[in-house]
Structures are given as C-alpha cells and as structure tokens.
Amino acid sequence: MTDFYRSLPPLATLVAFEAAHRHRNFTRAAAELFQSQTTVSRRVRELEADLGVTLFERHRYDATPTRHADELIGSVRLALGELANAAQRIRTTTGPDTLTVLSSLALTSAMIVPAVSRFQSKHPDVDVRIVSACEPVETSREHFDVAIQYGSSASDRFEVHLIDDETVFPVCSPTFAERLVDTVTIADLAGLPLIDVTYDDPSWVTWADYFAGHGEQPTSMSPRLTLTSYGSALDAAERGDGVALGWERSVGPRIDAGTLVEIPGHRTPGAAINAYLPLSPHRHAADLVDLIRSSRQP
C-alpha cells in the first residue's frame with residue numbers, strides 16, 4: 001500500500017488538471033472551480049513536476065494539451081468519476097432518497113413542476129429537489145441527477161435524451177399588440193422596441209440570430225433593453241416595454257394566462273430541450289424524464 005500511495009500523483013492537482021484539459025484555458029478552469037488562475041496554474045505545474053513531463057503548451061489565450069495530457073486525462077476522469085459516484089452512493093444510503101433536478105426557472109415552472117406530482121405519486125419514497133440555474137450543465141457546481149436545459153452540449157459526459165423540439169417567436173403584452181398593424185413584417189419587427197437576452201450559450205437565440213435566420217440583417221435593429229435573464233425579459237414584455245423572443249414551451253403558461261400574446265407569422269426553430277443524466281444516474285431519473293416528456297405542453 002505504501003508503494004501504491006507513493007506512485008500516485010498529488011491528488012489535489014487532478015481536479016485542476018481535468019478542468020484545464022476540458023476548457024483548454026486556465027482562466028475558465030479557475031472560474032469553474034472558484035479558484036484563482038494562479039492556483040490552477042500552480043496545481044498543473046505541480047503535476048507536471050511530479051510526472052516529469054509538460055502537460056500543456058501555454059499560449060496567450062489558451063493552453064493546448066500535449067500527448068502526455070491526452071494520455072492521462074482518461075484515467076483521471078475515470079478515477080474522479082468513480083470517487084464522485086462512490087461518495088454519492090454513500091450520501092444516498094445515509095439519508096433520504098432524493099432526486100435532484102437542475103433547470104432554468106422558466107422550464108421548471110412550465111415543464112418540470114407539472115410532472116413532479118405524477119412522479120411522486122409513483123415514487124412516494126423519493127424526495128424531489130429542484131435547483132434553478134441558467135449556467136450550462138458542464139459548468140454547474142450543483143450536484144444533479146437530471147438536468148433539463150436547452151441545447152445538446154456535454155454529450156460526452158452525460159446521457160442526453162431529447163424532450164422536445166423547440167420554436168421561438170416574438171411576444172408582447174396584449175396592450176402593446178393592440179398598437180401594432182394587422183400584419184407585422186420582419187422589417188416592422190426591427191423597428192419595434194426589442195427586449196434581448198444574452199447568455200454565454202451558443203444555443204440561445206438572440207434577436208440578431210432571429211433576424212439572420214429569416215434572411216434579414218436590419219441595419220436599424222438595436223435592442224431597447226438587454227438582459228441576462230430570460231424570465232426578466234418576459235416580465236418586461238408583460239409590462240409593455242417592448243417585444244421579446246419567447247420559447248414555446250416556457251412561454252406557453254404566460255400565453256395561456258393572457259399576459260403575453262404571440263406576434264403571428266414569424267416562428268423560427270430554437271435549440272431542442274434535452275435531459276442530461278450523469279453516466280451513473282439515479283435509479284428513477286429516466287422515469288422522471290419520461291413523465292416530463294409525456295406532459296409537455298403542445
């Protein structure tokens with residue numbers, strides 16, 4: 001056992017190495033780990049010193065893994081994954097059986113909550129914990145058993161299950177809609193006060209993406225209001241501040257309630273809604289995914 005211990009690299013360096021290899025960037029790795037860039041860089045150098053090899057070619061804005069890093073990363077991820085899974089199994093056997101769901105607030109209210117009551121009727125012994133967050137699953141520090149999000153990233157780290165295809169369309173308050181012409185063209189939209197949402201997520205559709213998808217590049221288009229919260233954008237549209245882009249499944253409850261209306265004739269495809277399950281999922285995770293899929297709103 002002593003020889004085994006001595007052959008291991010410093011364990012504190014492995015998490016930093018894995019994040020740096022995945023991001024190809026020490027700064028982004030540090031942000032994910034809530035550490036300083038200096039700490040991550042120092043950990044990687046400690047690992048390099050222990051192994052006697054260079055693991056990254058450092059550049060000004062990124063870090064390119066060497067062949068030694070590519071050789072090591074699989075074993076590191078396997079070892080860290082096994083440790084995480086073992087720890088989670090111990091946690092679940094020493095406390096109540098809890099299934100944790102990660103999603104945005106909009107998708108939580110529109111798709112997850114309606115399915116949870118049906119799930120708990122089938123599994124009364126399982127507690128459901130819902131965590132609302134907007135960051136992609138790859139960067140979330142929350143433990144979860146199921147994540148419901150837009151996009152299709154991280155397929156190499158999770159089982160990805162399609163929930164539904166999504167469409168995006170302009171929405172506004174009923175009062176705002178009363179002031180519009182009978183037929184609103186794409187050019188008309190560009191001249192309206194637009195409410196935009198910016199996420200660090202390539203799957204998100206901004207107004208610029210929307211117009212490009214319709215073959216338009218309006219020179220006069222300038223969002224009146226830009227937010228980092230989709231829910232806040234819909235709130236602003238409800239107040240009559242302008243026109244926001246609504247994602248069909250999550251904006252549906254507001255349309256049903258009459259607080260928002262669709263400006264018709266201008267639907268465009270959006271990123272699909274997917275469920276992400278860790279490679280060692282909770283035993284009832286797939287059942288919840290099936291219930292969410294079957295209870296989606298048309």
Side-chain angles (χ1 to χ4, degrees), residues 103-114 132-136 139 148-153 162-274 296-298:
S103 187
S104 67
L105 185 60
L107 286 177
T108 294
S109 59
M111 301 189 71
I112 298 173
V113 170
S132 294
C134 294
E135 73 270 18
T139 60
I148 309 295
Q149 292 191 341
Y150 290 112
S152 58
S153 58
L162 175 67
I163 296 293
D164 204 0
D165 292 323
E166 183 65 294
T167 57
V168 179
F169 47 81
V171 296
C172 62
S173 70
T175 303
F176 191 97
E178 291 175 357
R179 305 198 300 267
L180 300 178
V181 296
D182 291 339
T183 302
V184 178
T185 66
I186 291 293
D188 293 332
L189 277 175
L192 296 175
L194 304 178
I195 303 168
D196 211 356
V197 178
T198 58
Y199 283 144
D200 185 18
D201 183 348
S203 68
W204 193 256
V205 178
T206 66
W207 276 110
D209 300 324
Y210 175 85
F211 285 119
H214 285 270
E216 297 286 340
Q217 292 183 325
T219 56
S220 61
M221 191 275 294
S222 179
R224 175 181 181 180
L225 182 62
T226 300
L227 303 165
T228 59
S229 166
Y230 170 62
S232 296
L234 296 184
D235 291 342
E238 284 187 351
R239 292 194 302 268
D241 293 343
V243 181
L245 286 173
W247 295 66
E248 182 177 14
R249 307 304 167 191
S250 56
V251 79
R254 299 192 189 221
I255 291 177
D256 292 341
T259 59
L260 287 174
V261 296
E262 176 183 355
I263 298 177
H266 302 299
R267 292 193 165 214
T268 192
I273 303 171
N274 288 311
R296 65 185 185 271
Q297 298 183 8

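By the 4.5 Å heavy-atom criterion applied to side chains, V168 and D209 are not counted as neighbours. A 4.5 Å side-chain heavy-atom check between S173 and V261 finds every atom pair outside the cut-off. The closest side-chain heavy-atom distance from L260 to F176 is not below 4.5 Å. R254 has its side chain within reach of D235: a pair of non-hydrogen atoms, C-beta onward, lies under 4.5 Å apart. By the 4.5 Å heavy-atom criterion applied to side chains, S104 and W247 are not counted as neighbours.
The minimum heavy-atom distance between Y150 and S250, with the atom names listed, is OH-OG, 3.4 Å. What you find for A244 and A233 is that their closest heavy atoms are CB-O, 4.0 Å. Across all non-hydrogen atoms, the minimal contact from P170 to L245 is N-CD2, 4.2 Å. Heavy-atom minimum distance, S103 versus T108: CB-OG1, 3.6 Å. Scanning all heavy atoms of the two residues, the minimum distance from I148 to L107 falls at O-CD1, 3.9 Å. Considering all non-hydrogen atoms of both residues, V243 and C172 come closest at CG2-CB, 4.2 Å.
In this structure, CG on D164 lies 10.0 Å from CG on N274, to the nearest 0.5 angstrom. Atom OH of Y230 and atom CD1 of I195 lie 12.0 Å apart (nearest 0.5 Å). Taking CG of D165 as the start and CZ of R249 as the end, the distance is 8.5 Å to the nearest 0.5 Å. Taking CD1 of I163 as the start and CE of M111 as the end, the distance is 6.0 Å to the nearest 0.5 Å.
R267 is linked by a salt bridge (charged side-chain N to carboxylate O under 4.0 Å, His left out) to E248, E262, counting only residues two or more places apart in sequence or in another chain. With sequence neighbours left out, the side chain to side chain donor-acceptor pair (under 3.5 Å) criterion links T259 to E238.
In summary, the side chains of T185 and D188 do present a donor paired with an acceptor at a separation below 3.5 Å, with no hydrogens or angles considered.
Aromatic ring orientation, H214 versus Y210: tilted (interplanar angle from 30° to 60°).
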